2 protein chains.
Amino acid sequence: MLAAFSTETSDAVRKTLEFVRHHRLAKGDRLPSERDLSERFGVTRGSVREALAVLDAMRITERKPKSGIYLRNALEDSGLDALVLQADLGLPFDAQVTRDVTEARILCEEQAFRLACQRRTDADLAKLHQLLDTYAALVANGSNLADEDVAFHLAVVAASQNRVLVRTLTPLMLMSTGWRRRYFASAEIRQRSLIDHRAFVAAIAARDEATATMLVHRHVQTAAEDVRALAEQGAADRTD
Amino acid sequence: MLAAFSTETSDAVRKTLEFVRHHRLAKGDRLPSERDLSERFGVTRGSVREALAVLDAMRITERKPKSGIYLRNALEDSGLDALVLQADLGLPFDAQVTRDVTEARILCEEQAFRLACQRRTDADLAKLHQLLDTYAALVANGSNLADEDVAFHLAVVAASQNRVLVRTLTPLMLMSTGWRRRYFASAEIRQRSLIDHRAFVAAIAARDEATATMLVHRHVQTAAEDVRALAEQGAADRTD
DNA sequence: CCTACCAATCTGGTAGGACCAGTTAAGCGA
DNA sequence: TCGCTTAACTGGTCCTACCAGATTGGTAGG
(Lines give C-alpha, C1' and ligand atoms only; values in the text may rest on other atoms or scores of the structure.)
Protein backbone atom coordinates (compact mmCIF):
# COMPACT_ATOMS: atom_id res chain seq x y z
CA MET A 1 0.00 0.00 0.00
CA LEU A 2 2.83 2.36 0.74
CA ALA A 3 6.57 2.60 0.17
CA ALA A 4 6.29 3.33 -3.49
CA PHE A 5 9.82 2.45 -4.49
CA SER A 6 11.63 -0.79 -4.87
CA THR A 7 12.84 -2.82 -1.94
CA GLU A 8 16.49 -2.01 -2.49
CA THR A 9 15.93 1.71 -2.74
CA SER A 10 13.56 1.56 0.17
CA ASP A 11 16.17 -0.32 2.18
CA ALA A 12 18.81 2.18 1.26
CA VAL A 13 16.65 5.10 2.37
CA ARG A 14 15.77 3.44 5.65
CA LYS A 15 19.32 2.37 6.38
CA THR A 16 20.65 5.80 5.55
CA LEU A 17 18.20 7.40 7.96
CA GLU A 18 19.09 4.84 10.58
CA PHE A 19 22.76 5.49 9.97
CA VAL A 20 22.25 9.20 10.54
CA ARG A 21 20.36 8.50 13.73
CA HIS A 22 22.70 5.89 15.06
CA HIS A 23 25.76 8.03 14.51
CA ARG A 24 23.94 11.09 15.80
CA LEU A 25 24.96 13.16 12.81
CA ALA A 26 24.17 16.85 13.00
CA LYS A 27 23.49 19.44 10.36
CA GLY A 28 26.46 19.82 8.07
CA ASP A 29 28.04 16.51 9.00
CA ARG A 30 29.33 14.36 6.22
CA LEU A 31 28.04 10.90 5.40
CA PRO A 32 30.16 8.09 4.01
CA SER A 33 30.63 8.05 0.27
CA GLU A 34 28.12 6.43 -2.05
CA ARG A 35 30.48 3.54 -2.66
CA ASP A 36 30.94 3.10 1.05
CA LEU A 37 27.22 3.20 1.75
CA SER A 38 26.48 0.70 -1.01
CA GLU A 39 28.93 -1.72 0.63
CA ARG A 40 27.53 -1.17 4.11
CA PHE A 41 23.97 -1.64 2.98
CA GLY A 42 24.68 -4.46 0.58
CA VAL A 43 23.01 -2.76 -2.37
CA THR A 44 24.18 -1.32 -5.64
CA ARG A 45 25.55 2.15 -5.88
CA GLY A 46 22.60 2.87 -8.15
CA SER A 47 20.17 2.06 -5.40
CA VAL A 48 22.09 4.26 -3.00
CA ARG A 49 21.93 7.06 -5.51
CA GLU A 50 18.18 6.63 -5.84
CA ALA A 51 17.85 6.79 -2.08
CA LEU A 52 20.01 9.90 -1.93
CA ALA A 53 17.95 11.54 -4.65
CA VAL A 54 14.90 11.03 -2.47
CA LEU A 55 16.63 12.35 0.63
CA ASP A 56 17.89 15.31 -1.37
CA ALA A 57 14.40 16.09 -2.58
CA MET A 58 13.24 15.93 1.03
CA ARG A 59 15.99 18.41 1.92
CA ILE A 60 17.54 15.94 4.34
CA THR A 61 20.84 15.48 2.57
CA GLU A 62 22.84 17.43 0.04
CA ARG A 63 25.26 15.91 -2.43
CA LYS A 64 28.20 18.12 -3.25
CA PRO A 65 29.84 16.98 -6.47
CA LYS A 66 33.36 15.64 -6.06
CA SER A 67 33.11 16.25 -2.36
CA GLY A 68 30.61 14.19 -0.45
CA ILE A 69 27.18 13.81 1.04
CA TYR A 70 26.25 16.19 3.80
CA LEU A 71 23.37 16.36 6.23
CA ARG A 72 21.36 19.40 5.26
CA ASN A 73 18.96 19.50 8.17
CA ALA A 74 18.51 17.69 11.37
CA LEU A 75 16.04 14.88 10.81
CA GLU A 76 13.56 16.88 12.86
CA ASP A 77 13.62 19.82 10.50
CA SER A 78 12.78 18.28 7.16
CA GLY A 79 9.41 18.57 5.48
CA LEU A 80 6.09 16.95 6.18
CA ASP A 81 6.49 14.43 3.41
CA ALA A 82 9.62 13.17 5.09
CA LEU A 83 7.40 12.07 7.96
CA VAL A 84 5.20 10.15 5.56
CA LEU A 85 8.30 8.55 4.14
CA GLN A 86 9.42 7.63 7.63
CA ALA A 87 6.07 6.06 8.36
CA ASP A 88 6.09 4.17 5.08
CA LEU A 89 9.51 2.79 5.90
CA GLY A 90 8.29 1.55 9.24
CA LEU A 91 10.53 3.87 11.22
CA PRO A 92 9.10 4.79 14.61
CA PHE A 93 7.93 8.22 15.68
CA ASP A 94 8.64 9.55 19.11
CA ALA A 95 5.77 10.71 21.28
CA GLN A 96 6.63 14.33 20.62
CA VAL A 97 6.00 14.00 16.89
CA THR A 98 2.76 12.13 17.47
CA ARG A 99 1.46 14.86 19.75
CA ASP A 100 2.55 17.59 17.37
CA VAL A 101 0.89 15.92 14.42
CA THR A 102 -2.38 15.72 16.28
CA GLU A 103 -2.22 19.36 17.27
CA ALA A 104 -1.27 20.43 13.76
CA ARG A 105 -4.09 18.37 12.30
CA ILE A 106 -6.57 19.99 14.63
CA LEU A 107 -5.37 23.47 13.80
CA CYS A 108 -5.31 22.76 10.09
CA GLU A 109 -8.69 21.06 9.94
CA GLU A 110 -10.37 23.66 12.14
CA GLN A 111 -9.36 26.38 9.73
CA ALA A 112 -10.21 24.29 6.70
CA PHE A 113 -13.62 23.36 8.07
CA ARG A 114 -14.28 27.00 8.84
CA LEU A 115 -13.44 28.00 5.29
CA ALA A 116 -15.45 25.06 3.98
CA CYS A 117 -18.51 26.42 5.75
CA GLN A 118 -17.99 29.75 4.06
CA ARG A 119 -17.11 28.57 0.59
CA ARG A 120 -18.47 25.10 0.00
CA THR A 121 -20.40 24.78 -3.23
CA ASP A 122 -23.40 22.59 -3.82
CA ALA A 123 -21.14 20.28 -5.76
CA ASP A 124 -18.89 19.96 -2.71
CA LEU A 125 -21.89 19.13 -0.60
CA ALA A 126 -23.08 16.53 -3.07
CA LYS A 127 -19.63 14.97 -3.08
CA LEU A 128 -19.63 14.83 0.71
CA HIS A 129 -23.03 13.18 0.78
CA GLN A 130 -21.83 10.65 -1.72
CA LEU A 131 -18.75 9.87 0.35
CA LEU A 132 -21.00 9.62 3.37
CA ASP A 133 -23.12 6.99 1.62
CA THR A 134 -20.05 4.99 0.70
CA TYR A 135 -18.88 5.33 4.27
CA ALA A 136 -22.19 4.13 5.68
CA ALA A 137 -22.20 1.15 3.33
CA LEU A 138 -18.71 0.16 4.41
CA VAL A 139 -19.61 0.54 8.07
CA ALA A 140 -22.61 -1.71 7.46
CA ASN A 141 -20.61 -4.58 6.01
CA GLY A 142 -17.75 -4.19 8.49
CA SER A 143 -15.02 -3.11 6.09
CA ASN A 144 -11.93 -1.36 7.35
CA LEU A 145 -12.53 2.18 6.22
CA ALA A 146 -9.13 3.66 6.89
CA ASP A 147 -8.75 4.93 3.33
CA GLU A 148 -12.30 6.23 3.11
CA ASP A 149 -11.79 8.17 6.31
CA VAL A 150 -8.81 9.94 4.77
CA ALA A 151 -10.74 10.57 1.58
CA PHE A 152 -13.62 12.06 3.53
CA HIS A 153 -11.50 14.44 5.57
CA LEU A 154 -9.63 15.53 2.46
CA ALA A 155 -12.92 16.14 0.68
CA VAL A 156 -14.06 18.44 3.46
CA VAL A 157 -10.79 20.33 3.30
CA ALA A 158 -11.14 20.50 -0.47
CA ALA A 159 -14.45 22.27 0.08
CA SER A 160 -12.41 25.12 1.55
CA GLN A 161 -11.40 25.76 -2.07
CA ASN A 162 -7.78 25.88 -0.97
CA ARG A 163 -5.73 23.15 -2.55
CA VAL A 164 -2.68 23.95 -0.52
CA LEU A 165 -4.59 23.13 2.63
CA VAL A 166 -5.38 19.78 1.06
CA ARG A 167 -1.71 19.27 0.34
CA THR A 168 -0.96 20.15 3.94
CA LEU A 169 -3.46 17.83 5.51
CA THR A 170 -2.62 14.93 3.20
CA PRO A 171 0.74 14.09 4.78
CA LEU A 172 -0.63 14.77 8.24
CA MET A 173 -3.13 11.98 7.67
CA LEU A 174 -0.97 9.65 5.61
CA MET A 175 1.75 9.46 8.20
CA SER A 176 -0.62 7.73 10.57
CA THR A 177 -2.06 5.22 8.12
CA GLY A 178 -0.74 2.34 10.11
CA TRP A 179 -2.52 3.40 13.29
CA ARG A 180 -5.67 4.36 11.45
CA ARG A 181 -5.89 0.84 10.13
CA ARG A 182 -5.75 -0.64 13.60
CA TYR A 183 -8.05 2.03 14.91
CA PHE A 184 -10.85 1.15 12.53
CA ALA A 185 -10.67 -2.49 13.47
CA SER A 186 -13.23 -1.72 16.16
CA ALA A 187 -16.87 -1.82 15.08
CA GLU A 188 -17.83 0.64 17.77
CA ILE A 189 -15.32 3.15 16.51
CA ARG A 190 -16.49 2.70 12.94
CA GLN A 191 -20.03 3.46 14.06
CA ARG A 192 -18.95 6.48 16.08
CA SER A 193 -16.89 7.77 13.18
CA LEU A 194 -19.89 7.60 10.86
CA ILE A 195 -21.97 9.62 13.30
CA ASP A 196 -19.25 12.26 13.54
CA HIS A 197 -18.93 12.46 9.79
CA ARG A 198 -22.66 12.91 9.39
CA ALA A 199 -22.51 15.77 11.86
CA PHE A 200 -19.65 17.35 9.88
CA VAL A 201 -21.69 17.39 6.71
CA ALA A 202 -24.73 18.76 8.50
CA ALA A 203 -22.74 21.62 9.97
CA ILE A 204 -21.07 22.42 6.66
CA ALA A 205 -24.40 22.25 4.87
CA ALA A 206 -25.79 24.75 7.39
CA ARG A 207 -22.60 26.83 7.11
CA ASP A 208 -22.30 26.61 10.89
CA GLU A 209 -18.64 27.41 11.44
CA ALA A 210 -18.66 27.23 15.22
CA THR A 211 -20.19 23.76 15.27
CA ALA A 212 -18.04 22.47 12.45
CA THR A 213 -14.77 23.54 14.03
CA MET A 214 -15.85 22.28 17.43
CA LEU A 215 -16.83 18.93 15.99
CA VAL A 216 -13.63 18.36 14.08
CA HIS A 217 -11.55 19.44 17.04
CA ARG A 218 -13.26 16.91 19.28
CA HIS A 219 -13.23 14.25 16.57
CA VAL A 220 -9.49 14.41 15.97
CA GLN A 221 -8.68 14.84 19.64
CA THR A 222 -10.74 11.83 20.64
CA ALA A 223 -9.32 9.72 17.86
CA ALA A 224 -5.80 10.62 18.92
CA GLU A 225 -6.51 9.63 22.49
CA ASP A 226 -8.03 6.35 21.38
CA VAL A 227 -5.02 5.64 19.24
CA ARG A 228 -2.73 6.42 22.13
CA ALA A 229 -4.66 3.97 24.29
CA LEU A 230 -4.35 1.43 21.50
CA ALA A 231 -0.62 2.03 21.36
CA GLU A 232 -0.16 1.49 25.07
CA GLN A 233 -2.27 -1.62 24.96
CA GLY A 234 -0.35 -2.76 21.91
CA ALA A 235 2.92 -2.19 23.72
CA ALA A 236 1.61 -4.32 26.58
CA ASP A 237 0.71 -7.44 24.63
CA ARG A 238 3.53 -7.50 22.13
CA THR A 239 3.37 -11.18 21.39
CA ASP A 240 4.36 -10.88 17.75
CA MET B 1 20.89 27.22 -3.11
CA LEU B 2 18.15 24.95 -4.35
CA ALA B 3 17.67 21.92 -6.58
CA ALA B 4 19.77 19.66 -4.48
CA PHE B 5 20.34 16.93 -7.05
CA SER B 6 22.48 16.71 -10.11
CA THR B 7 21.62 18.43 -13.33
CA GLU B 8 20.67 15.26 -15.16
CA THR B 9 18.37 14.04 -12.42
CA SER B 10 16.96 17.50 -12.06
CA ASP B 11 16.34 17.64 -15.79
CA ALA B 12 14.67 14.28 -15.73
CA VAL B 13 12.33 15.31 -12.94
CA ARG B 14 11.42 18.54 -14.65
CA LYS B 15 10.93 16.93 -18.04
CA THR B 16 8.83 14.17 -16.54
CA LEU B 17 6.56 16.70 -14.86
CA GLU B 18 6.36 18.66 -18.09
CA PHE B 19 5.56 15.48 -19.96
CA VAL B 20 2.70 14.73 -17.61
CA ARG B 21 1.38 18.23 -18.00
CA HIS B 22 1.81 18.43 -21.74
CA HIS B 23 0.05 15.12 -22.32
CA ARG B 24 -2.59 15.97 -19.74
CA LEU B 25 -2.16 12.66 -18.00
CA ALA B 26 -4.72 11.87 -15.31
CA LYS B 27 -4.54 9.74 -12.21
CA GLY B 28 -3.85 6.14 -13.12
CA ASP B 29 -2.49 6.89 -16.57
CA ARG B 30 0.65 5.18 -17.63
CA LEU B 31 3.88 6.93 -18.49
CA PRO B 32 6.39 5.73 -21.07
CA SER B 33 8.90 3.17 -19.90
CA GLU B 34 12.14 4.16 -18.20
CA ARG B 35 14.10 3.28 -21.31
CA ASP B 36 11.75 5.36 -23.41
CA LEU B 37 11.96 8.32 -21.07
CA SER B 38 15.74 8.16 -20.95
CA GLU B 39 15.80 8.40 -24.74
CA ARG B 40 13.31 11.23 -24.87
CA PHE B 41 15.14 13.22 -22.24
CA GLY B 42 18.62 12.39 -23.46
CA VAL B 43 19.80 11.12 -20.10
CA THR B 44 20.82 7.78 -18.72
CA ARG B 45 18.29 5.31 -17.47
CA GLY B 46 19.95 5.71 -14.08
CA SER B 47 19.11 9.38 -14.02
CA VAL B 48 15.54 8.63 -15.00
CA ARG B 49 15.33 6.13 -12.19
CA GLU B 50 16.62 8.71 -9.72
CA ALA B 51 13.98 11.13 -10.94
CA LEU B 52 11.27 8.51 -10.62
CA ALA B 53 12.42 7.65 -7.11
CA VAL B 54 11.89 11.29 -6.20
CA LEU B 55 8.48 11.44 -7.85
CA ASP B 56 7.53 8.20 -6.13
CA ALA B 57 8.54 9.60 -2.76
CA MET B 58 6.42 12.65 -3.50
CA ARG B 59 3.50 10.31 -4.27
CA ILE B 60 3.24 11.65 -7.80
CA THR B 61 4.11 8.44 -9.63
CA GLU B 62 4.08 4.77 -8.79
CA ARG B 63 6.34 2.20 -10.39
CA LYS B 64 4.79 -1.20 -10.76
CA PRO B 65 7.47 -3.84 -11.29
CA LYS B 66 7.41 -5.53 -14.70
CA SER B 67 4.49 -3.37 -15.68
CA GLY B 68 5.09 0.34 -15.92
CA ILE B 69 5.03 3.76 -14.38
CA TYR B 70 1.66 5.15 -13.41
CA LEU B 71 0.45 8.54 -12.32
CA ARG B 72 -0.58 8.19 -8.71
CA ASN B 73 -2.14 11.57 -8.15
CA ALA B 74 -2.98 14.56 -10.23
CA LEU B 75 -0.13 17.02 -10.01
CA GLU B 76 -2.41 19.22 -7.96
CA ASP B 77 -2.85 16.62 -5.25
CA SER B 78 0.68 15.79 -4.26
CA GLY B 79 2.33 17.00 -1.08
CA LEU B 80 3.68 20.35 -0.06
CA ASP B 81 7.25 19.38 -0.75
CA ALA B 82 6.31 18.71 -4.34
CA LEU B 83 5.57 22.40 -4.63
CA VAL B 84 9.02 23.24 -3.32
CA LEU B 85 10.45 20.82 -5.84
CA GLN B 86 8.47 22.51 -8.58
CA ALA B 87 9.76 25.91 -7.52
CA ASP B 88 13.32 24.64 -7.35
CA LEU B 89 13.02 23.28 -10.86
CA GLY B 90 11.83 26.63 -12.12
CA LEU B 91 8.39 25.39 -13.06
CA PRO B 92 5.72 28.06 -12.88
CA PHE B 93 2.84 28.20 -10.43
CA ASP B 94 -0.59 29.29 -11.48
CA ALA B 95 -2.28 32.16 -9.68
CA GLN B 96 -4.52 29.76 -7.78
CA VAL B 97 -1.60 28.05 -6.07
CA THR B 98 0.00 31.37 -5.23
CA ARG B 99 -3.19 32.62 -3.59
CA ASP B 100 -3.68 29.37 -1.73
CA VAL B 101 -0.15 29.36 -0.41
CA THR B 102 -0.58 32.85 0.96
CA GLU B 103 -3.82 31.92 2.66
CA ALA B 104 -2.36 28.73 4.07
CA ARG B 105 0.67 30.61 5.34
CA ILE B 106 -1.53 33.12 7.08
CA LEU B 107 -3.64 30.43 8.72
CA CYS B 108 -0.60 28.42 9.73
CA GLU B 109 1.39 31.33 11.06
CA GLU B 110 -1.55 32.84 12.91
CA GLN B 111 -2.02 29.63 14.84
CA ALA B 112 1.69 29.19 15.37
CA PHE B 113 2.14 32.75 16.59
CA ARG B 114 -0.78 32.27 18.94
CA LEU B 115 0.79 29.16 20.41
CA ALA B 116 4.15 30.88 20.52
CA CYS B 117 2.65 33.57 22.74
CA GLN B 118 1.39 30.89 25.09
CA ARG B 119 4.40 28.63 25.16
CA ARG B 120 7.50 30.58 24.23
CA THR B 121 10.35 30.09 26.63
CA ASP B 122 12.93 32.66 27.61
CA ALA B 123 15.37 30.79 25.44
CA ASP B 124 13.03 31.19 22.47
CA LEU B 125 12.80 34.89 23.18
CA ALA B 126 16.56 35.21 23.40
CA LYS B 127 16.89 33.41 20.09
CA LEU B 128 14.39 35.75 18.49
CA HIS B 129 16.22 38.79 19.79
CA GLN B 130 19.45 37.42 18.44
CA LEU B 131 17.89 36.84 15.02
CA LEU B 132 16.48 40.34 15.20
CA ASP B 133 19.96 41.75 15.77
CA THR B 134 21.32 39.84 12.81
CA TYR B 135 18.39 41.06 10.77
CA ALA B 136 18.98 44.68 11.76
CA ALA B 137 22.65 44.41 10.90
CA LEU B 138 21.85 43.02 7.46
CA VAL B 139 19.27 45.71 6.86
CA ALA B 140 21.88 48.29 7.80
CA ASN B 141 24.44 47.14 5.25
CA GLY B 142 21.87 46.49 2.54
CA SER B 143 22.17 42.72 2.30
CA ASN B 144 19.44 40.65 0.73
CA LEU B 145 17.88 39.04 3.76
CA ALA B 146 15.65 36.48 2.05
CA ASP B 147 17.15 33.59 3.99
CA GLU B 148 17.15 35.43 7.29
CA ASP B 149 13.49 36.25 6.84
CA VAL B 150 12.70 32.56 6.48
CA ALA B 151 14.85 31.73 9.47
CA PHE B 152 13.10 34.34 11.58
CA HIS B 153 9.59 33.19 10.75
CA LEU B 154 10.57 29.59 11.37
CA ALA B 155 12.07 30.56 14.71
CA VAL B 156 8.80 32.14 15.77
CA VAL B 157 6.90 29.06 14.73
CA ALA B 158 9.44 26.95 16.59
CA ALA B 159 8.54 28.90 19.72
CA SER B 160 5.12 27.27 19.46
CA GLN B 161 6.94 24.13 20.61
CA ASN B 162 5.33 22.23 17.75
CA ARG B 163 7.89 20.91 15.33
CA VAL B 164 5.28 19.69 12.91
CA LEU B 165 4.09 23.25 12.47
CA VAL B 166 7.67 24.15 11.60
CA ARG B 167 7.73 21.35 9.06
CA THR B 168 4.48 22.67 7.63
CA LEU B 169 5.56 26.25 7.31
CA THR B 170 8.97 25.39 5.90
CA PRO B 171 7.76 24.32 2.45
CA LEU B 172 5.21 27.13 2.41
CA MET B 173 8.06 29.59 2.68
CA LEU B 174 10.64 27.74 0.60
CA MET B 175 8.43 27.49 -2.43
CA SER B 176 8.51 31.24 -2.80
CA THR B 177 12.24 31.72 -2.34
CA GLY B 178 12.60 33.14 -5.81
CA TRP B 179 10.05 35.86 -5.22
CA ARG B 180 11.31 36.57 -1.75
CA ARG B 181 14.71 37.29 -3.18
CA ARG B 182 13.34 39.87 -5.58
CA TYR B 183 11.07 41.23 -2.90
CA PHE B 184 13.91 42.08 -0.55
CA ALA B 185 15.75 43.94 -3.27
CA SER B 186 13.91 47.04 -2.13
CA ALA B 187 15.51 48.98 0.72
CA GLU B 188 12.15 50.33 1.80
CA ILE B 189 10.74 46.83 2.11
CA ARG B 190 13.75 45.66 4.08
CA GLN B 191 13.22 48.51 6.51
CA ARG B 192 9.52 47.83 6.80
CA SER B 193 10.16 44.13 7.34
CA LEU B 194 12.50 44.88 10.21
CA ILE B 195 9.87 47.02 11.88
CA ASP B 196 7.29 44.26 11.53
CA HIS B 197 9.66 41.68 12.94
CA ARG B 198 10.42 43.86 15.93
CA ALA B 199 6.70 44.15 16.57
CA PHE B 200 6.36 40.37 16.38
CA VAL B 201 8.94 39.84 19.06
CA ALA B 202 7.42 42.50 21.26
CA ALA B 203 3.98 40.91 21.04
CA ILE B 204 5.36 37.45 21.71
CA ALA B 205 7.42 38.73 24.62
CA ALA B 206 4.24 40.28 26.08
CA ARG B 207 2.32 37.09 25.27
CA ASP B 208 -0.18 39.27 23.41
CA GLU B 209 -1.91 36.74 21.16
CA ALA B 210 -4.37 39.14 19.56
CA THR B 211 -1.67 41.55 18.48
CA ALA B 212 0.71 38.84 17.36
CA THR B 213 -1.83 37.10 15.12
CA MET B 214 -3.06 40.41 13.74
CA LEU B 215 0.48 41.50 12.94
CA VAL B 216 1.50 38.34 11.17
CA HIS B 217 -1.74 38.26 9.20
CA ARG B 218 -1.16 41.78 7.95
CA HIS B 219 2.54 41.15 7.41
CA VAL B 220 2.06 38.12 5.17
CA GLN B 221 -0.94 39.62 3.41
CA THR B 222 0.90 42.82 2.59
CA ALA B 223 3.98 40.96 1.44
CA ALA B 224 1.88 38.80 -0.85
CA GLU B 225 0.26 41.85 -2.40
CA ASP B 226 3.61 43.50 -2.89
CA VAL B 227 4.94 40.37 -4.53
CA ARG B 228 1.94 40.24 -6.79
CA ALA B 229 2.55 43.81 -7.83
CA LEU B 230 6.17 42.88 -8.46
CA ALA B 231 5.06 39.96 -10.60
CA GLU B 232 2.80 42.11 -12.74
CA GLN B 233 5.48 44.71 -13.12
CA GLY B 234 7.97 41.97 -13.92
CA ALA B 235 5.61 40.59 -16.54
CA ALA B 236 5.40 44.05 -18.05
CA ASP B 237 9.12 44.70 -18.53
CA ARG B 238 10.30 41.29 -19.54
CA THR B 239 13.42 42.43 -21.30
CA ASP B 240 15.52 39.44 -20.35
C1' DC C 1 59.18 23.68 12.90
C1' DC C 2 56.18 25.75 9.77
C1' DT C 3 54.58 26.78 5.22
C1' DA C 4 53.60 26.14 0.34
C1' DC C 5 53.07 23.30 -3.22
C1' DC C 6 52.15 19.06 -5.78
C1' DA C 7 50.55 14.50 -6.91
C1' DA C 8 47.91 10.44 -5.63
C1' DT C 9 43.47 9.44 -4.12
C1' DC C 10 38.64 9.93 -3.36
C1' DT C 11 34.24 11.78 -4.68
C1' DG C 12 29.91 12.45 -7.06
C1' DG C 13 28.08 12.54 -12.06
C1' DT C 14 27.34 10.11 -16.10
C1' DA C 15 27.46 6.41 -19.41
C1' DG C 16 26.35 1.81 -21.27
C1' DG C 17 25.59 -2.95 -21.03
C1' DA C 18 23.64 -7.14 -19.12
C1' DC C 19 20.50 -10.44 -16.85
C1' DC C 20 16.26 -11.69 -14.31
C1' DA C 21 11.50 -12.65 -13.78
C1' DG C 22 6.82 -11.24 -14.10
C1' DT C 23 3.56 -8.56 -17.27
C1' DT C 24 1.48 -7.73 -21.36
C1' DA C 25 -0.04 -7.87 -25.78
C1' DA C 26 0.39 -9.76 -30.29
C1' DG C 27 -0.37 -13.47 -33.13
C1' DC C 28 -1.46 -17.98 -34.06
C1' DG C 29 -4.55 -21.85 -34.10
C1' DA C 30 -8.95 -23.85 -33.21
C1' DT D 1 -14.60 -14.98 -32.81
C1' DC D 2 -12.47 -16.83 -28.96
C1' DG D 3 -8.64 -18.90 -26.30
C1' DC D 4 -4.06 -19.95 -25.71
C1' DT D 5 0.89 -19.82 -26.52
C1' DT D 6 4.76 -17.01 -27.03
C1' DA D 7 7.72 -13.34 -27.78
C1' DA D 8 8.48 -8.62 -26.68
C1' DC D 9 8.49 -5.40 -22.98
C1' DT D 10 9.15 -3.63 -18.25
C1' DG D 11 10.98 -2.47 -13.80
C1' DG D 12 14.70 -4.19 -10.46
C1' DT D 13 19.32 -5.13 -9.84
C1' DC D 14 24.17 -5.57 -10.81
C1' DC D 15 28.70 -4.43 -12.87
C1' DT D 16 32.36 -1.79 -15.02
C1' DA D 17 34.23 2.32 -16.59
C1' DC D 18 35.57 7.10 -17.20
C1' DC D 19 35.51 12.10 -16.08
C1' DA D 20 36.91 16.09 -13.58
C1' DG D 21 36.88 18.71 -9.49
C1' DA D 22 37.79 18.28 -4.35
C1' DT D 23 40.53 16.54 -0.85
C1' DT D 24 44.42 15.06 1.39
C1' DG D 25 48.79 13.54 2.50
C1' DG D 26 53.49 14.02 1.89
C1' DT D 27 57.33 16.46 0.37
C1' DA D 28 60.45 20.15 -0.61
C1' DG D 29 61.67 24.72 0.61
C1' DG D 30 61.91 28.43 3.83
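Everything quoted here is computed from the prediction, not taken from an experiment. Numbered from 1 within each chain, the chains take letters A, B, ... in sequence-line order.
Contact annotation for B:S47: no contact, since no heavy-atom pair falls under 4.0 Å across all strands.
Separation of atoms CZ (B:R180) and CD1 (B:I189) is listed at 12.5 Å; rounding is to 0.5 Å. Rounding to the nearest 0.5 Å gives a distance of 11.5 Å between NZ of A:K27 and CD of A:E62.
With sequence neighbours left out, the side-chain contact (heavy atoms from CB on, under 4.5 Å) criterion links B:L131 to B:K127, B:F152, B:A155.
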Atom pairs, N/O to N/O, protein against nucleotides 9-11 of chain D, distance under 3.5 Å?
from   : atom 1 : to    : atom 2 : distance (Å)
D:dG11 : OP2    : B:E34 : N      : 2.9
D:dG11 : O4'    : B:K66 : N      : 3.2
D:dG11 : N7     : B:R35 : NH1    : 2.8
D:dG11 : N7     : B:R45 : NH2    : 3.4
D:dG11 : O6     : B:R35 : NH2    : 3.0
D:dG11 : N2     : B:K66 : NZ     : 3.1

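Spacing between atom CG of B:D56 and atom C1' of D:dG12 amounts to 13 Å, rounded to whole angstrom units. One atom, CG of B:D11, and another, P of C:dA15, lie 10 Å apart when rounded to the nearest Å. A:L52 has its CG atom 13 Å from the C1' atom of C:dG13, to the nearest Å.
Looking only at distances, no side-chain donor or acceptor of B:T44 sits under 3.5 Å from a matching main-chain atom of B:S47. Within the 3.5 Å criterion, the main-chain N or O of A:S67 finds a donor-acceptor partner in the side chain of A:R30.
A heavy-atom distance below 4.5 Å is not found between the side chains of B:L138 and B:R190.
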Watson-Crick and G-U pairing of DNA chain C written in dot-bracket, each distance under 3.5 angstrom, with | for inter-strand partners: ||||||||||||||||||||||||||||||

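Between B:H197 and B:H153, the ring planes lie perpendicular to each other; the angle is over 60°, past the 30° to 60° tilted range.
A salt bridge between A:D147 and A:R181 is present, with a side-chain N of the basic residue lying under 4.0 Å from a carboxylate O of the acidic one.
When each of A:Y70 and A:V43 is assigned the nucleotide of DNA chain D bearing its nearest heavy atom, the one mapping closer to the 5' terminus is A:V43.
Of the side-chain N and O atoms in A:T7, one or more sit less than 4.0 angstrom from OP1 or OP2 of D:dT13.
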